Amino acid sequence: MVKSSLTVKMIIEIIIKDLNSALAKLGYSKNDIKIAKCKNPEFGDFSSSIPLILAKIHKRSPIDIAHQIRDEMILSNNIIEKITATDPGFINFKISKKYYYSVLEEILNKNDFGKSSSGKNKNANVEFVSANPTGPLTIGHGRNAILGDVVSNILEWNGFAVTREYYFNDAGRQMRILSKSVKARYFEILDKPFNFPEDGYEGEYIKGIAKEIINDFGKELLSDDSIFKSFPEKKMFEHIKNTLRILEINFDEYSNEKAFYDNGEIEKLLNELKTKNLIYEQDGATWFKTSSLGKEKDRVFIKSSGEPTYRLPDTAYHRNKVERNFDLIVDVFGADHMDTYPDVILALDALGVQTNHIKVLLYQFVTLLRGGEKIKMSTRKATFISLNDLINEVGVDVVRYFFVMRGINTHLNFDLDLAADQSDKNPVYYLQYAHARICNIIKRVEKQSKNLSAYNPLLLDHESEIDLLKQLELFPNIVLSAKDLLEPQVIANYLQETAAKFHKYYANCRIITENEDLTLSRIALASATKIVLSNGLKILGIKAPEKM
RNA sequence: GCCCCGGUAGCUCAGUUGGAUAGAGCAACGGACUUCUAAUCCGUAGGUCGGAGGUUCGAAUCCUCUCCGGGGUACCA
């Protein structure tokens, strides 16, 4: 019997073991054998190119060696059904269908099929969004938010305990500009003299906040009233949090930069770097001697105005995260941060702080397209489409899917026409439709109140059925590799392929038939597909609809 | 100048331990609904994998050089 607890990894190990003993018997020296998946299923499931490598060493024909090894191999179990040797010198292994049938059983017994324990008892911190409350979230923040959330989900599916963290600074230059902008609009609306800052925010939302101040606090505020500082920040944060709520993103922790001044950690950090001789004063500013750590030039830590640059508090913040003993620390940054984090890592390294468990995810920019044309956007001029606008236009599921359907480090062209399209062109619906289709079929059979667990997997013999089973079997490995690469796209692509294989199956094989045994078997396969699709969609944070 | 990311079908993109015939969606064309959801399926067409060298039995994948696009290179974040 084939044990259902077997994994592909174990099967590969068995193949390697058997291969090695065959090689030893034939007198070949020990080799580092690699097993690869066959791209073309006609060859089998796995293959080894070891004959090609041996051919070189022994100056013999690779296909001869392949035949020789094939004839000499003794299988230590019945998982492998067939071994073949093919040109130019591959040995192929075909896995018995029984193995895949056992996977079917495993899926149906495990609603959380795909979950891995690779991160069990480990903690991860994922910092993302981290937008300062100076305005509505942009499309770029959207990509950041979805990536961060889905990466967190991926880690959770691998057993990690994840802290989703939002880091912000409500005391910097940008916050002052927000305050000044609102103040100017306040007095402008009241027809009083006003001074709109040169680099102020011109968006309509600024006027909205000013109006709210008039409503809540009256028309007689003086220009130095602290309301102008506290109120806009509060409103903007509410706005941001509301957008995140719509996207169903929940943070566990909000870290304020200010805390690291208050608790003295920034000063402590500075002093420690000083004792390492990495800090010096020049032109009234305090510099970090990155040049002595292999960088081209030094960086300013504290400006001559007395105000620190982001590098100093960021370093203190990251040390704080390291000190909180996470096994994995992930930062999700836009490509414009390319040059910022290496200095932080450098400073921490210099202080002997462990940094090799800090992973920085840099995603490339997002371009919005409408009618095939790029939409030009300027944050300051407020000629942008906010993340809120985008959600209102195309919906949460579409937004979430579009942000993970491309690789992190490729430019994302967000096609608004395609996203808003409620038809078959939209890849999100293709996926959800597969799930809804399955639900509908299951519902239909359930009405006949049959015993769904009494299925016979041996009846699943059609090519498209085996194909689908093999696809489902991959899911746990996909979840693992998404974790290793910290790349949500892996999940999105996999789900797209899984849906395609199901649709193909549906077209080829009628699920509900006159033959009750066959019906039950096919329903079992459909149910297993439903579990995988639903779990994958859960990781992406996208709804799995029962009907469409 | 230097650093990072990208360049694969008309368009948008997959393709990570180097493997056999380089894939998908959209767009184009042609088929399939008295049937469990046609938001689906099947077929046709479409390629010097930016270019040139190199490593190798074997390269979209690794190395070097080069061209093009994007981003960064602040006492902005």
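From a predicted model like this one, the values you see are computed outputs, not experimental measurements. All chains are named by letter (A, B, ...) in the order of the sequence lines, taking the proteins before the strands, and each is independently numbered beginning at 1.
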Report, as yes or no, whether the 6.0 Å neighbourhood of atom NZ on A:K9 holds more than 12 heavy atoms from other residues, nucleotides or ligands.
-> no

Applying a 4.0 Å non-hydrogen cut-off, can you work out what [X] is touching in the nucleic acid: base, sugar-phosphate, or nothing?
X      : result
A:I35  : base
A:Y429 : base
A:A436 : base
A:R444 : sugar-phosphate
A:T513 : nothing
A:C439 : nothing
A:N132 : sugar-phosphate

Any side-chain N or O of [X] less than 4.0 Å from the OP1 or OP2 oxygen of [N]?
X      : N     : value
A:N413 : B:C13 : yes
A:Q489 : B:A14 : yes
A:R173 : B:C75 : no
A:Y506 : B:A38 : yes

Using purine N1 to pyrimidine N3 plus N6-O4 or O6-N4 for Watson-Crick, or N1-O2 and O6-N3 for G-U wobble, each under 3.5 Å, what pairs with [N]?
N     : result
B:U73 : B:G1
B:A32 : B:U40
B:U56 : none
B:G10 : B:C26

I'd like to know if the side chain of [X] pairs up with that of [Y] as donor and acceptor (distance under 3.5 Å, no hydrogens or angles considered).
X      : Y      : value
A:S118 : A:S116 : yes
A:H141 : A:T138 : yes
A:Q432 : A:Y401 : no
A:Y280 : A:D298 : yes
A:E463 : A:Y505 : no
A:Y341 : A:D331 : no
A:N256 : A:D170 : yes
A:N456 : A:S521 : no

Output the rounded distance in Å from [atom1] ([X]) to [atom2] ([N]).
X      : N     : atom1 : atom2 : answer
A:L474 : B:A14 : CG    : P     : 20 Å
A:Y494 : B:C13 : OH    : P     : 25 Å
A:M548 : B:A39 : CE    : C1'   : 6 Å
A:F402 : B:U12 : CZ    : C1'   : 10 Å
A:H503 : B:C41 : NE2   : P     : 6 Å
A:N477 : B:U17 : CG    : P     : 14 Å
A:L361 : B:C5  : CG    : P     : 13 Å
A:N508 : B:A32 : CG    : C1'   : 12 Å

Parallel, tilted or perpendicular for A:F402 and A:F414, by the 30°/60° rule?
-> tilted

Strictly under 3.5 Å: I want the nitrogen or oxygen pairs between protein and nucleotides 54-57 of chain B, one per line.
from  : atom 1 : to    : atom 2 : distance (Å)
B:C57 : OP1    : A:K56 : NZ     : 2.4

What string of B, S and - do you get for nucleotides 68-74 of chain B, 5' to 3', if B is base contact, S is sugar-phosphate-only contact and - is no contact with any protein heavy atom under 4.0 Å?
-> --SSSSS

Under 4.0 Å protein heavy-atom contacts per nucleotide of nucleotides 58-63 of chain B, with B for base, S for backbone only and - for none | ------

[atom1] gap between [N] and [M], integer Å:
N     : M     : atom1 : value
B:C2  : B:A74 : P     : 16 Å
B:A77 : B:G71 : C1'   : 16 Å
B:G23 : B:A45 : C1'   : 16 Å
B:A27 : B:C42 : P     : 16 Å
B:G10 : B:G46 : C1'   : 8 Å
B:C36 : B:G31 : C1'   : 23 Å
B:A52 : B:A59 : C1'   : 15 Å
B:G15 : B:A60 : P     : 16 Å

Could you check if a side-chain atom of A:P427 sits within less than 4.5 angstrom of a side-chain atom of A:Q496, using non-hydrogen atoms only?
-> yes

Any side-chain to backbone donor/acceptor pair from [X] onto [Y]? Under 3.5 Å, distance only.
X      : Y      : result
A:R143 : A:Q364 : yes
A:S179 : A:M175 : no
A:N132 : A:N169 : yes
A:H58  : A:A55  : no

Taking only the side-chain heavy atoms of [X] (C-beta and beyond), determine which of [options] contains the nearest atom.
X      : options             : result
A:Q174 : B:C76, B:A38, B:C41 : B:C76
A:K303 : B:A77, B:C36, B:A14 : B:A77
A:A507 : B:A38, B:C41, B:C36 : B:C41
A:N40  : B:A14, B:A77, B:U21 : B:U21

Can you check whether any acceptor in the base of B:C75 is under 3.5 Å from a donor in the side chain of A:S304, or vice versa?
-> yes

Ignoring hydrogens and angles, answer whether the base of B:A20 and the side-chain atoms of A:N92 contain a donor-acceptor pair closer than 3.5 Å.
-> yes

Would you please determine if the base of B:A20 is stacked by A:F43, with stacking meaning a centroid separation under 5.5 angstrom and planes under 30 degrees?
-> yes

Among A:F403, A:F251, A:Y166, A:F333, find the one that has a ring pair (Phe, Tyr, Trp, His ring centres under 6.0 Å) with A:F128.
-> A:F251

So which one's nearest nucleotide on RNA chain B is more toward 5', A:I302 or A:F46?
-> A:F46

